[in-house]
There are 2 protein chains.
Amino acid sequence: MYKKNLVFVTVDMVLFTIQNKELHVLLIRRALNPFRGLWALPGGFLRPEEELETAAKRELYEETGVKNAFLAQLYTKGDIGRDPRGRVITVIYYSLMDSAKVELRASTDAAEVSWFSVKNLPKLAFDHERIIRDSAERIRNKIEYTNIAFQLLPQKFTLSELQSVYETILDRTLDKRNFRKKVNEINALKKLTETKMQGIHRPARLYAFLMNKKESVFSPRKKISG
Amino acid sequence: MYKKNLVFVTVDMVLFTIQNKELHVLLIRRALNPFRGLWALPGGFLRPEEELETAAKRELYEETGVKNAFLAQLYTKGDIGRDPRGRVITVIYYSLMDSAKVELRASTDAAEVSWFSVKNLPKLAFDHERIIRDSAERIRNKIEYTNIAFQLLPQKFTLSELQSVYETILDRTLDKRNFRKKVNEINALKKLTETKMQGIHRPARLYAFLMNKKESVFSPRKKISG
DNA sequence: CCAAAAGTGTTAGTGATACACCCATGT
DNA sequence: ACATGGGTGTATCACTAACACTTTTGG
């Protein structure tokens with residue numbers, strides 16, 4: 001490996017969650033060179049006999065213990081010089097997850113595993129900071145016209161919890177009445193009979209996502225047309 | 001090359017133009033195996049010392065004679081079995097061009113070069129038909145909220161020509177008055193003093209794109225918010 | 001009865017859509 | 001004068017955005 005005149009392929013995973021009303025990303029502390037000791041995205045070399053997505057899931061599981069993520073491809077980056085080992089093309093995937101469902105564990109490649117707020121990232125290996133920012137931007141765009149938010153929530157959730165997810169990712173407050181009106185029109189949620197006690201206040205109704213149409217539920221308005 | 005246990009990287013180009021009010025894509029007839037004699041997207045192996053985009057531009061130029069395209073990355077595909085030579089990961093770029101600006105020429109790798117309507121594609125090598133369809137879908141989405149249409153037109157164009165580009169890509173007719181109203185609100189065009197004689201009728205005013213903000217000029221309406 | 005989050009409608013403004021006629025030119 | 005594409009405005013409808021009070025619970 002690492003010969004001159006060869007091109008290598010890696011996969012990297014950007015896994016997001018929400019903690020304390022802030023968008024967090026999962027990082028590992030590298031146990032090996034290059035960039036030993038720095039934080040980085042989970043990822044590694046593609047094996048010739050495995051699919052790209054499988055490789056991304058495998059690296060994520062091996063390095064962090066996280067399973068069953070929904071993956072989406074972000075983009076592929078291969079700038080000369082981005083990896084000191086040689087010419088490395090990396091295919092980047094991102095995913096969202098309810099961190100309550102996740103049990104982290106370290107591994108041989110990853111000395112440490114942890115969530116970091118995207119507003120307070122440590123010094124990162126490679127071009128991973130840029131990749132995280134691009135990835136966050138992508139989900140900010142995508143959350144407005146798809147259902148990806150459900151990945152960040154438990155199966156049953158309240159409308160306030162859902163709104164909070166949107167507010168966190170969009171980084172602004174939303175109007176409660178307008179939000180609920182919109183959610184209603186979309187017919188993407190099932191109203192459950194159960195409620196959730198949130199401490200000492202009025203119990204909130206629980207909802208669940210209808211999984212039939214996972215994309216394009218927030219119908220975009222057309223721009224130039226007529 | 002083509003050893004087992006290695007992963008190779010190629011780049012492919014999907015270049016679109018409009019001819020006879022139909023979206024066309026540039027294809028080459030393969031002079032070499034695999035799939036010799038079949039039509040395919042221009043593309044080839046990434047050299048270890050060149051950037052991905054440079055490689056895409058080089059292959060495009062070598063195989064078709066086309067220069068100076070604006071490239072955007074579509075996605076990366078690397079399914080096992082998609083290339084009979086071995087494990088090949090391909091990074092796909094797309095671009096739009098005014099075919100009047102293009103002078104096609106064949107090469108050693110490409111026995112023949114030609115534009116094909118996306119509604120009437122020949123039998124294609126690899127998974128290129130799927131790639132072309134995904135790429136067409138991408139520009140259909142993108143044309144509504146960005147300025148990519150200018151790439152398909154000469155520097156000076158009439159509003160009817162611009163509207164025709166939108167109608168072709170969206171595959172539906174647009175209302176002339178609403179279209180012109182929208183275009184006006186956007187402030188992306190410079191009205192020139194010149195006109196264009198279109199045969200024997202009233203001459204049409206010529207316009208040019210203002211190149212300052214190439215993206216996001218067709219401001220999207222927000223979906224879930226408030 | 002108090003604190004705190006849950007829940008609920010209306011109005012005004014802005015963008016989208018639908019629609020029909022006159023204008024300038026070459027023959 | 002006519003055939004052809006160029007060019008223009010208005011009215012309705014749909015979505016967005018702004019805004020405040022009542023309900024339910026535990027302490």
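Reminder, nothing fancy here: chain letters follow the sequence lines and each chain counts from 1.
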Measure from [atom1] on [X] to [atom2] on [N] and round the result to the nearest Å.
X	N	atom1	atom2	value
A:F179	D:dA18	CZ	P	16 Å
B:Y145	C:dA16	OH	C1'	20 Å
B:K191	D:dG6	NZ	P	14 Å
B:L162	D:dG6	CG	C1'	15 Å
B:K182	C:dA18	NZ	P	12 Å
B:L206	D:dG6	CG	P	11 Å
B:Q163	D:dG5	CD	C1'	12 Å
A:K196	C:dG7	NZ	P	12 Å

Classify the nucleic acid contact of A:S160 as base, sugar-phosphate or nothing, counting any heavy atom under 4.0 Å across all strands shown. sugar-phosphate
Sugar-phosphate, base or nothing in reach of B:R180, heavy atoms under 4.0 Å: base
Hey, would you say the B:F70 and B:F150 ring centroids sit under 6.0 Å apart? yes
Mind listing the side-chain donor-acceptor pairs of residues 20-28 of chain A below 3.5 Å, one per line with the distance, residues two or more places apart or on another chain?
residue	atom	partner	partner atom	Å
A:E22	OE1	A:S117	OG	2.6
A:H24	ND1	A:E22	O	2.8

Quick one: what's the B/S/- string for nucleotides 19-25 of chain C, heavy-atom cutoff under 4.0 Å, read 5' to 3'? BB--BBB
Give a yes or no answer on whether the side chain of A:E194 reaches the backbone of A:R205 with a donor-acceptor pair at less than 3.5 Å. no
Side chain to side chain contact (heavy atoms under 4.5 Å, CB included) filter on A:I200, not counting sequence neighbours, yields none
Please figure out whether A:Y207 or B:E185 has its closest DNA chain C nucleotide nearer the 5' end. A:Y207
For B:D134, what residues pass the side chain to side chain donor-acceptor pair (under 3.5 Å) criterion, not counting sequence neighbours? B:Y75, B:R130
Identify, with sequence neighbours excluded, every residue that meets side chain to side chain donor-acceptor pair (under 3.5 Å) alongside B:R133. B:E129
According to ring pair (Phe, Tyr, Trp, His ring centres under 6.0 Å), who are the partners of B:F157, at least two apart in sequence or on a separate chain? B:F209
